[in-house]
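Quantities reported herein were computed from a predicted structural model and do not represent experimental measurements.
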Amino acid sequence: DNGCGPLPINFINTSVGQDVEYSWDFGNGQTSTLTNPGVITFQQGVFDTSYVVTLDVTNRCGTVSFTDTVFVQATPVAIMGADNLSGCTPLPVNFTNFSTGNATSYLWDFGNGNISTDSIPTTQFFTTVDTITIYTVTLTASNACGSDSETIDITVDPGSVNAFFTPDTTIGCQPFTVSFTSLASANSTVSWDFGEGNTLAGPTANAGVITHTFDTAGVFTVTQYVSNYCGIDTFDVQITVNPAPE
């Protein structure tokens with residue numbers, strides 16, 4: 001007999017003989033000495049399971065045995081993994097399939113318009129343009145006993161990082177103080193090189209407006225460096241500092 005678990009089986013004893021005793025072993029930890037033990041329920045396991053059932057019939061002339069097998073098919077349990085759960089666009093993700101229950105079919109829905117019926121799909125690329133995007137990936141494993149699904153989220157960052165600032169003036173006399181208004185990408189790290197040996201980094205460098213005084217005359221290239229975990233960008237402006245009269 002075979003079927004999906006839990007599987008009830010009604011056992012009927014058709015043995016013959018005189019003054020006989022019966023010993024049943026159902027292969028699942030249950031036993032019986034009844035002539036007809038009635039209905040025995042076989043539970044499903046994580047994988048398909050075969051239970052060997054043995055009936056021993058004994059009298060003063062000896063013992064004979066009969067065996068049969070009950071096969072219980074398991075309902076699938078969908079289990080998947082991914083080597084990347086977050087990253088910068090385009091984000092390649094390789095999926096693994098750890099599903100149990102001997103599924104006969106799989107359906108992957110990657111949440112980006114793509115699907116696959118492979119046991120293990122090929123590499124999927126997740127992209128975004130302007131904002132952080134979360135793709136919900138669903139794996140459904142099925143067989144004759146039923147189906148099960150699991151979902152995981154893939155977070156994709158657009159990866160765009162832009163450096164940009166505007167000075168309130170670009171020409172002046174020494175000492176020349178300039179205010180720089182930063183328009184760099186949000187959630188990024190900013191640092192400055194003022195071109196005359198001075199730099200600025202750390203929390204102060206991320207302020208919306210910073211000021212710097214040029215004490216010497218010359219033409220200086222002010223560079224802003226902006227970075228996040230997806231990349232780096234720079235932007236520069238020239239500041240002309242004329243010498244003070246002597």
Using only heavy-atom distances, determine whether the side chains of [X] and [Y] contain a donor-acceptor pair under 3.5 Å.
X      : Y      : result
Asp153 : Thr136 : yes
Ser179 : Thr211 : no
Asp193 : Thr223 : no
Ser182 : Gln224 : yes

(request) Hey, could you give me each pair passing disulfide bond (SG atoms under 2.5 Å apart) that has a residue in residues 207-246? Not counting sequence neighbours. (result)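 Counting only pairs at least two positions apart or across chains, the disulfide bond (SG atoms under 2.5 Å apart) contacts touching residues 207-246 are Cys88-Cys230.
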(request) With sequence neighbours excluded, give me every disulfide bond (SG atoms under 2.5 Å apart) pair touching residues 25-75. (result)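 Passing the test, one end in residues 25-75: no pairs.
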(request) Run the ring-centre check on Phe165 versus Phe235 and record whether the distance is less than 6.0 Å. (result)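 Between Phe165 and Phe235, the centre distance is under 6.0 Å.
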(request) Decide if the gap between the ring center of Phe11 and the ring center of Trp24 is smaller than 6.0 angstrom. (result)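 Centroid distance Phe11-Trp24: below 6.0 Å, so yes.
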Does [X] have any side chain to side chain donor-acceptor pair (under 3.5 Å) partners at least two apart in sequence or in another chain, and if so, which?
X      : result
Tyr229 : Asp157
Ser15  : Asn13
Thr204 : none
Thr69  : none

(message) For Thr140, run the side chain to side chain donor-acceptor pair (under 3.5 Å) check against Ser147, Ser105, Ser149 and tell me which one passes.
(response)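 Testing Thr140 for a side chain to side chain donor-acceptor pair (under 3.5 Å) against Ser147, Ser105, Ser149 leaves exactly one candidate, Ser149.
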Do the non-hydrogen side-chain atoms of [X] and [Y] ever get within less than 4.5 Å of each other?
X      : Y      : result
Asn198 : His212 : yes
Phe66  : Thr54  : no
Gln73  : Asn2   : no
Val222 : Phe180 : yes

Residue pair [X] / [Y]: nearest heavy atoms and the distance that separates them:
X      : Y      : answer
Thr170 : Gln238 : CB-O, 3.9 Å
Ser142 : Pro76  : C-CG, 3.7 Å
Asn102 : Asn143 : O-ND2, 3.5 Å
Phe125 : Pro92  : CE2-CB, 3.5 Å
Asp215 : Gln174 : O-NE2, 2.9 Å
Asn114 : Asn112 : N-OD1, 3.1 Å

(request) Provide the full list of side chain to side chain donor-acceptor pair (under 3.5 Å) pairs with a residue in residues 84-97, sequence neighbours left out, each pair given once. (result)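 Found Asp83-Asn94, Asn94-Thr123, Asn97-Ser99.
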Nearest-0.5 Å distance, [atom1] of residue [X] to [atom2] of residue [Y]:
X      : Y      : atom1 : atom2 : value
Ile40  : Ile9   : CD1   : CD1   : 10.0 Å
Thr181 : Phe164 : OG1   : CZ    : 10.5 Å
Asn162 : Thr234 : CG    : OG1   : 11.0 Å
Leu7   : Thr41  : CG    : OG1   : 8.0 Å
Phe214 : Ile239 : CZ    : CD1   : 5.5 Å
Asn228 : Ser185 : CG    : OG    : 7.0 Å

(request) Tell me whether Leu85 is reachable from Leu91 by hopping between hydrophobic residues (I, L, V, M, F, W, Y) whose side-chain heavy atoms are closer than 4.5 Å. (result)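 Yes; Leu85 is reachable from Leu91 via cluster members.
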(request) For Cys4, enumerate each residue passing the disulfide bond (SG atoms under 2.5 Å apart) test, keeping only those at least two apart in sequence or located in another chain. (result)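 Scan of Cys4 (disulfide bond (SG atoms under 2.5 Å apart), adjacent residues dropped) gives Cys145.
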Main-chain N/O of [Y] paired with [X] side-chain donor or acceptor, under 3.5 Å:
X      : Y      : result
Asp233 : Ala163 : yes
Asn59  : Gly17  : no
Glu150 : Met80  : yes
Tyr135 : Thr127 : yes

Partner residues of [X] under the ring-ring contact (aromatic ring centres under 6.0 Å, His included) criterion, sequence neighbours left out:
X      : answer
Phe98  : none
Phe95  : Trp108, Phe110
Phe176 : none
Tyr106 : none

(message) If you count every heavy atom of other residues, nucleotides or ligands that lies below 6.0 Å from Glu21 atom CD, does the total exceed 12?
(response)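 At most 12 heavy atoms, drawn from other residues, nucleotides or ligands, come within 6.0 Å of this atom.
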(message) In terms of relative ring orientation, are Phe42 and Phe26 parallel, tilted or perpendicular, with 30° and 60° separating the classes?
(response)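 If you compare the ring of Phe42 with that of Phe26, the planes turn out perpendicular.
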